[in-house]
Amino acid sequence: MNKKTVPISVVKIGGSTLGSDDTSLRDIVAQHGKDRLYVVVHGGGSLISEWLDQLNIETKFLDGLRVTSEPALDVVISVLRGIVNTSLVAELNSLGGRAIGLSGIDGNLIVARQTSPELGLVGTITQVRTHILTHLLSEKYIPVVAPLGIQPPNQALNINADSAAGEIAREINADELVFMTDVDGLQDESGHTLKKADQHLIEKLTRNGTLTGGMIPKTDACLRAAEVGINARIINGTKPSALLSLESESNGTSVRWNGRP
Ligand SMILES: Nc1ncnc2c1ncn2[C@@H]1O[C@H](COP(=O)(O)OP(=O)(O)OP(=O)(O)O)[C@@H](O)[C@H]1O
Ligand SMILES: [Mg+2]
């Protein structure tokens, strides 16, 4: 945990919103260092799938997590740390930002252990060492984090980007955790976007099959963050000025922790 003076927002940019015609990167550059500091965590699921297809490497999903073989991990690392991270950093810098790309392996930011034999080289986060992030933030850099983890001594692991964002937000003592995705927020059984959701509602929607796939790690991460008082939201990152209009209740779903676990 850091002793912070300026509020920190951890923003997870979904692979599904990357390249869309949104203004989130511009908004981050405009606000960073003024009244808040940003840490960006990104996904890249759809691009990883494209590359795996092109290379004829088969993967499947279990509960929204990609089963990762050794050849698949090479593609995950190449696409996340190579293509997605580099292009985000270049874009932020072209907009006047001071972005620095890193993965969870740099500075031992994300330490993990293999989740289960069934998932292959997928990691569960055991420790987040935010020293490198606080150092970069103190110099007004925008850290851009690719979700990889290290299992000591040297095994890279594929980490779900939503979990990475959630655990970083907790450890860095962020004020805000924002998931920018390709839907307006968490939807209920009738497809209506919820303004608020707590752990009870999320559990119900998961049990009745309304909350599935990529939304599962996202709501899990929101609840982990909300539990320690972080303002956690899921918003539509494809809409212009989505980040700037965060205060507005009509924007996305706010996830709250209700009572004791
Ligand atoms: N109850 C729900 N409400 C809203 N979306 C849901 C729900 N259940 C499942 N989803 C799915 O979750 C998707 C968002 O998660 P997804 O993992 O696809 O995107 P992302 O996390 O933003 O991007 P990436 O995984 O590339 O980082 C939505 O597009 C939707 O299809
Ligand atoms: Mg996802």
Side-chain angles (χ1 to χ4, degrees), residues 10-20 22 24-25 39-53 59-68 72 75-77 79-81 83-85 87-88 103-104 110 119 122-123 125 144-149 158-169 177-225 232-239 242-243 251-255:
V10 175
V11 177
K12 189 264 176 160
I13 300 185
S16 40
T17 74
L18 292 173
S20 69
D22 67 289
S24 32
L25 301 185
V39 174
V40 175
V41 179
H42 62 81
S46 50
L47 197 61
I48 292 170
S49 298
E50 268 178 42
W51 277 87
L52 287 167
D53 276 356
T59 56
K60 54 180 180 163
F61 283 85
L62 273 183
D63 291 336
L65 300 173
R66 185 190 299 279
V67 178
T68 307
V75 176
V76 167
I77 294 173
V79 172
L80 287 178
R81 183 68 172 101
I83 301 172
V84 181
N85 193 276
S87 61
L88 269 176
S103 83
I110 298 175
L119 282 169
V122 169
I125 300 172
V144 180
V145 181
L148 300 169
N158 181 14
I159 305 286
N160 179 273
D162 298 339
S163 315
E167 297 309 309
I168 287 172
L177 170 65
V178 184
F179 288 94
M180 308 195 82
T181 187
D182 60 351
V183 284
D184 285 342
L186 176 61
Q187 293 162 3
D188 65 13
E189 295 88 341
S190 57
H192 178 79
T193 300
L194 294 156
K195 286 197 186 340
K196 291 176 193 163
D198 65 10
Q199 73 271 29
H200 307 296
L201 181 55
I202 286 169
E203 196 195 318
K204 184 186 126 198
L205 293 176
T206 308
R207 233 184 308 115
N208 73 18
T210 305
L211 199 168
T212 58
M215 200 44 77
I216 295 173
K218 220 177 292 302
T219 45
D220 281 351
C222 282
L223 288 174
R224 287 269 301 157
R233 295 188 86 106
I234 300 167
I235 65 172
N236 191 337
T238 66
K239 290 198 172 156
L243 263 186
N251 193 358
T253 306
S254 176
V255 176

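Order of appearance sets the numbers: ligands from 1, and atoms from 1 within every ligand.
In terms of protein heavy-atom proximity, atom 22 (O) of ligand 1 is closest to Thr181 OG1, 2.7 Å. In terms of protein heavy atoms, atom 19 (O) of ligand 1 is closest to Ser16 OG, 3.3 Å. Looking only at heavy atoms of the protein, atom 31 (O) of ligand 1 is closest to Val183 CG1, 5.0 Å. Looking from atom 13 (C) of ligand 1 to the surrounding protein, the closest heavy atom is Asp182 OD1, 4.1 Å. Regarding atom 27 (O) of ligand 1, its nearest protein heavy-atom neighbour is Lys12 NZ, 2.6 Å. Counting protein heavy atoms only, atom 10 (N) of ligand 1 is closest to Met215 CB, 3.7 Å. Protein heavy atom in closest approach to atom 9 (C) of ligand 1: Thr212 O, 3.1 Å. Distance from atom 26 (O) of ligand 1 to its nearest protein heavy atom, with residue and atom name: Gly15 N, 3.0 Å.
Judged purely by atom type and a 3.5 angstrom limit, Asp220 has no side-chain atom pairing as donor or acceptor with the backbone of Ser163. Thr253 places a side-chain N or O within donor-acceptor distance of the main-chain N or O of Leu194, the cut-off being under 3.5 Å. At distances below 3.5 Å, not a single donor-acceptor pair connects side-chain atoms of Thr181 with backbone N or O atoms of Phe179. Ser103 contributes no side-chain N or O that, together with a main-chain N or O of Leu148, makes up a donor-acceptor pair within less than 3.5 Å. Under the 3.5 Å distance criterion, the side-chain polar atoms of Asp162 are left unmatched by any main-chain donor or acceptor of Thr219.
Ligand 1 is approached by Gly185 to a heavy-atom distance shorter than 4.0 Å. Under a 4.0 Å heavy-atom criterion, Gly44 is in contact with ligand 1.
A donor atom on one side chain and an acceptor atom on the other are not found under 3.5 Å apart for Asp184 and Thr193.
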Is there a side-chain contact (heavy atoms from CB on, under 4.5 Å) between Leu52 and Arg66 once you walk through the steps?
CA-CA 12 Å; Leu52 287 167; Arg66 185 190 299 279; 3.4 Å; yes
Could you go through Ile13 and Leu25, starting from their C-alpha distance and side-chain angles, then the distance that decides it, and tell me whether this counts as side-chain contact (heavy atoms from CB on, under 4.5 Å)?
CA-CA 9 Å; Ile13 300 185; Leu25 301 185; 3.6 Å; yes
Can Ser24 and Val11 be said to form a side-chain contact (heavy atoms from CB on, under 4.5 Å), step by step?
CA-CA 10 Å; Ser24 32; Val11 177; over 6 Å; no
Please lay out, stage by stage, how Met215 and Leu205 fare under the test side-chain contact (heavy atoms from CB on, under 4.5 Å).
CA-CA 11 Å; Met215 200 44 77; Leu205 293 176; over 6 Å; no
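Residue Gly43 has at least one heavy-atom neighbour below 4.0 Å for each of these atoms of ligand 1: 27 (O). In the vicinity of Thr210, heavy-atom distances shorter than 4.0 Å reach the ligand 1 atoms 1 (N), 2 (C), 7 (C), 8 (N). Set against the non-hydrogen atoms of Leu186, the atoms of ligand 1 under 4.0 Å away are 1 (N), 2 (C), 3 (N). The contact set between ligand 1 and Lys218, taken as ligand atoms under 4.0 Å from a residue heavy atom, comprises 15 (O), 20 (P), 21 (O), 22 (O). Taking a cut-off of under 4.0 Å to the non-hydrogen atoms of Gly45, the atoms of ligand 1 that pass are 26 (O).
Close N/O approach between Ser46 and ligand 1 is not found [any backbone or side-chain N/O within under 3.5 Å]. Any N or O atom pair closer than 3.5 Å counts here, and Ala161 shares no such pair with ligand 1.
The heavy atom nearest to atom 16 (P) of ligand 1, out of those in Gly214, Gly209, Gly237, is found in Gly214.
In terms of heavy atoms, Ala242 sits closest to Met180 at CB-CE, 4.0 Å.
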